[in-house]
Amino acid sequence: MNPFYHRIYRVVRHIPKGRVATYGIIARLAGRPGAARTVGWALSALPEDNDVPWWRVINAAGRISFSGQDHSAVLQRALLLREGVRFAPGGAVNLGTFGWPSEAYDSAVASHKRAASTRRSRRLKGLRT
DNA sequence: GCCATGACGTTCC
DNA sequence: GGGAACGCCATGG
């Protein structure tokens, strides 16, 4: 297995309980800025007997990256709620509050970037139908 | 070895 | 503030 994966898993394990991190941040901490997609790929490749808190990893918009009806999304949301992470009315997590590491989320930068990401997955999947 | 895909992100309009 | 386009890295066919 590639060192990146190990780095990624190691970083994810460092996420404190009750906090969340974005794929981009994970990729950056793992030493591969811009490899956010790879982070998702690595997490999807997690074995069943893993000790990695994958549910603490979300996208830059502070939302679950799965389809809303997907059981994994429900599970992830439930696990986060259990740890004290609160979801905003829009279904997004306030990264300025729960984001980890805190210094990585200078609320200013994260302002208008929230909107962009979410629609992409819909486009990819929605286009197939 | 090239092409397509994906738990994403940043920039431009 | 919302939507569309381009770029990113690794994997699978």
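Lettering of chains follows the sequences in order, A, B, ..., and the numbering in each one begins at 1.
- As judged by a 4.0 angstrom heavy-atom cut-off over every strand, A:Ser72 is placed among residues making no nucleic acid contact.
- Of the candidates B:dA7, C:dA10, B:dC8, B:dC8 carries the atom nearest the A:Arg37 side chain, counting heavy atoms from C-beta on.
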Please assess A:Leu46 against A:Trp54 for the test side-chain contact (heavy atoms from CB on, under 4.5 Å), listing each intermediate value before the final yes or no.
CA-CA 9 Å; A:Leu46 274 173; A:Trp54 56 267; 3.9 Å; yes
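- Spacing between atom OH of A:Tyr5 and atom P of B:dA7 amounts to 13 Å, rounded to whole angstrom units.
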Report the C-alpha distance between A:Ile58 and A:Ile64 in whole Å, list the side-chain angles of each, state the deciding distance to 0.1 Å, and finish with yes or no for side-chain contact (heavy atoms from CB on, under 4.5 Å).
CA-CA 6 Å; A:Ile58 57 180; A:Ile64 309 292; 4.2 Å; yes
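- Nucleotide B:dG9 holds its P atom 13 Å from the CG atom of A:Leu29, rounded to whole Å.
- Near DNA chain B, defined here as any heavy-atom distance below 4.0 Å, the residues from residues 46-57 of chain A are A:Trp54, listed numerically.
- A donor-acceptor pair is defined here as one N or O able to donate and one able to accept, closer than 3.5 Å; such a pair exists between the side chain of A:Tyr9 and the backbone of A:Ala42.
- Atom CG in A:Leu80 sits roughly 18 Å away from atom P in B:dA7 (whole-Å rounding).
- With DNA chain B read from its 5' end, the first of the two nearest nucleotides for A:Ile58 and A:Trp41 is the one closest to A:Trp41.
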Test side-chain contact (heavy atoms from CB on, under 4.5 Å) on A:Ile26 and A:Ile15 and set out the steps.
CA-CA 10 Å; A:Ile26 299 299; A:Ile15 303 175; 4.0 Å; yes
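- Under the 3.5 Å distance criterion, the side-chain polar atoms of A:Glu83 are left unmatched by any main-chain donor or acceptor of A:Pro16.
- Spacing between atom CZ of A:Arg28 and atom P of C:dC9 amounts to 14 Å, rounded to whole angstrom units.
- One can place CZ of A:Arg32 at 17 Å from C1' of C:dG7, the figure rounded to the nearest angstrom.
- For A:Ser65, a side-chain nitrogen or oxygen approaches OP1 or OP2 of B:dC8 to under 4.0 Å.
- We find that CG of A:Leu43 is positioned 13 Å from C1' of B:dG6, with the value rounded to whole Å.
- Contact annotation: the side chain of A:Val57 never approaches that of A:Val52 to less than 4.5 Å [non-hydrogen atoms, C-beta and beyond].
- Per the geometry, CD1 belonging to A:Ile8 stands 19 Å off P belonging to B:dG6, to the nearest Å.
- Contacts classified as side chain to side chain donor-acceptor pair (under 3.5 Å) and involving residues 19-31 of chain A (residues at least two apart or in different chains) are not found.
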